[in-house]
Amino acid sequence: MLSPVILIPALLNGLLTGAVYALVALGLTLIYGVLHIINFAHGALLTAAMFAAYFAFTVLGIDPYLAVFIISPLFFAIGYALQRFVIGPASHGEDRNMLLVTLGLSVVIENALLFGFRADTRTIDVPYAFSTIDLGFTYLAVPRLVGFVAVFVVALALWLIMSLTDIGRAIRAVAKEKFGAQLAGIDVAHVYAVTFGLGTACVAIAACLLMPTYYVNPSAGNAFVLVAFTIVVLGGMGSVPGAVLGGLVIGVVESLSSLFLGDSLGQVGIFLIFIAVLLVRPQGLFGAKA
Amino acid sequence: MTTETLLAVENLRAGYGESEVLRGIDLTVKAGEIVTVLGSNGVGKSTLNRTLSGIVRAQAGRIRFEGAAIEREKPPAIVARGLIHVPEGRRIFPNLSVRDNLDLGSYARAKPRRTQNRERVFDIFPRLRERVAQYAGTLSGGEQQMLAIGRGLMAEPRLLILDEPSLGLSPLLVEELFALIMKIHAEGVAILLVEQNVVESLEVADRAYILAEGQFALSGTAADIAADPELKRTYLGL
């Protein structure tokens with residue numbers, strides 16, 4: 001059973017799956033790191049973005065890999081507006097209110113999707129859905145490889161924004177010292193909204209990467225967010241490198257536990273890891289000690 | 001020295017919810033002045049600063065800065081006008097480098113001259129230059145205070161509010177700090193120095209206000225107030 005012929009492809013597949021998890025987790029951890037809330041609307045926004053990618057393909061005929069360049073800015077704007085005009089004002093500056101508002105939003109978005117598009121599961125047919133690259137000893141699925149590359153591109157882009165731009169510096173400043181940031185003339189409501197927008201853009205990218213091989217229905221995003229939450233805890237709440245590495249680790253864990261325990265128990269490994277992390281290293285791989 | 005009025009506060013009232021902290025404040029700062037507001041803990045010094053910089057909303061009264069009413073403006077707009085508040089407790093960004101901390105000082109104002117202003121700050125605080133790439137959270141208390149003031153200077157302040165800059169510093173550092181405040185003032189920046197350190201503050205200030213329970217109990221030239229032992233005993237508990 002431990003033959004490398006089986007093990008190595010399982011590892012590689014795990015890494016590639018983990019990349020999309022990482023992307024969803026990246027958005028979640030970014031929002032957590034700055035706004036200090038778990039965004040319960042993350043899954044619903046992922047679902048909404050998957051529908052956007054679905055209709056971009058079926059109605060407009062735009063391939064998801066091209067549509068990402070329209071859908072991610074669009075979802076940045078949606079995320080910005082949600083935080084600026086809905087979540088922020090409805091929370092009156094209380095973190096726990098923000099949490100509940102995002103929970104409420106997720107209910108509204110999911111049911112709006114259910115109302116609009118019913119519970120049908122939909123897929124798209126792209127010519128490259130089953131394309132593979134022959135590595136000699138194994139095959140890699142092209143869509144997964146694209147996802148793997150994309151997560152590093154996104155992580156690099158985020159890192160560049162965070163270190164080289166004023167808005168990135170302001171985001172990091174607000175994350176740790178809100179009052180000091182206000183006195184430096186930083187508009188905290190704007191920074192919160194930009195952060196929420198960036199997190200939402202991350203799920204939009206994930207959605208476009210998923211659509212070629214995955215399906216969408218009004219609750220499709222939830223499965224990913226549960227895993228993404230585990231990744232955020234594993235990588236350290238608020239840590240961007242933690243989200244990327246955590247995503248890859250969780251992808252591999254899931255793939256290997258499917259291999260050893262069977263497909264239906266694949267996710268058991270993820271939650272065993274989750275419990276183990278909480279017991280042994282509650283601050284996560286990259287998290288600072290509380 | 002010019003006599004142009006930079007900051008004019010009239011009958012300012014402010015507080016948190018039901019509790020009124022400032023109960024009718026009148027204050028002026030003229031261009032080129034160092035004005036000090038003295039008072040013990042809990043008399044409303046920090047509330048005054050927070051109201052001037054737009055963090056706390058004024059409940060009544062007027063705040064004019066260079067002639068414009070700013071009592072309804074938000075902090076970014078007030079910073080953009082050049083009214084810069086260096087808060088008590090430094091409030092630097094511990095997870096950012098010294099350089100990024102300074103650069104964010106010019107987030108809302110004087111951004112085109114960021115590089116030259118950074119050099120100017122390094123000339124005033126040479127120790128910050130040595131620590132430029134270090135995380136601000138790893139600096140000593142004195143260095144963090146210098147960084148907080150440096151971040152304020154990056155915005156080319158017209159008026160610099162310093163809230164308890166000497167708090168938590170060793171006597172030697174306090175001496176150094178007040179010398180640096182004089183140096184910044186000598187470059188033409190008006191300073192509103194809000195302090196508990198009476199002796200040092202009165203030495204550097206032109207004029208002084210004594211704050212007690214949300215109102216000014218006394219105001220006058222720093223020399224007059226320094227010479228009045230009775231007032232010191234009454235309002236500052238010395």
Practice prompt. Answer with side chain, backbone, both or neither: which region of B/Ile78 has an atom nearer than 4.5 Å to a non-hydrogen atom of chain A?
Written response: neither

Discussion item. Which residues pass the ring-ring contact (aromatic ring centres under 6.0 Å, His included) test with B/Tyr107, not counting sequence neighbours?
Written reply: none

Fill in: Which atom of B/Pro87 lies closest to which atom of A/Phe179, heavy atoms considered
CB-CE2, 3.8 Å

Worksheet item: Atom CE in A/Met162, atom CG in B/Asp100: separation rounded to 0.5 Å?
Response: 12.5 Å

Worksheet, complete the sentence: So CG of B/Asp103 and CZ of A/Arg169: to nearest 0.5 Å the spacing works out to 5.0 Å

Practice prompt. Select one option (side chain, backbone, both, neither) describing which atoms of B/Arg109 are under 4.5 Å from chain A's heavy atoms.
Written response: neither

Discussion item. With a 3.5 Å distance limit and no angle check, can you tell me whether B/Asn95 reaches the backbone of A/Arg172 through a side-chain donor-acceptor pair?
Written reply: yes

Discussion item. With a 6.0 Å cut-off (strictly less than), is the heavy-atom count around CZ of A/Phe271, excluding the residue itself, greater than 12?
Written reply: yes

Worksheet item: Taking all non-hydrogen atoms of both residues, which atom of A/Ala181 and which atom of B/Phe93 are closest, and how far apart?
Response: N-CE2, 3.5 Å

Practice prompt. Inspect the surroundings of OH in B/Tyr135 and state if more than 12 heavy atoms from other residues, nucleotides or ligands are less than 6.0 Å away.
Written response: no

Practice prompt. Let me know if B/Lys111 has heavy atoms under 4.5 Å from chain A in its side chain, its backbone, both or neither.
Written response: side chain

Worksheet entry | side-chain hydrogen bond (donor to acceptor under 3.5 Å, both in side chains) partners of A/Tyr32, counting only residues at least two apart | none

Discussion item. Within this structure, what is the CG-CD distance for the pair B/Asn101 and A/Glu177, rounded to the nearest 0.5 Å?
Written reply: 9.5 Å

Worksheet item: Does anything in residues 182-202 of chain A get under 4.5 Å of chain B by heavy atoms, and if so which residues?
Response: A/Gln182, A/Leu183, A/Ala184, A/Gly185, A/Ile186, A/Asp187, A/His190

Worksheet item: Do any of residues 143-165 of chain B come closer than 4.5 Å to chain A, heavy atom to heavy atom, and if so which ones, in number order?
Response: B/Arg151

Worksheet item: By a 4.5 Å heavy-atom criterion (distance strictly below it), what part of B/Leu104 contacts chain A: side chain, backbone, both, or neither?
Response: both

Practice prompt. Would you mind reporting whether A/Asp166 and B/Arg114 have side-chain heavy atoms less than 4.5 Å apart?
Written response: yes

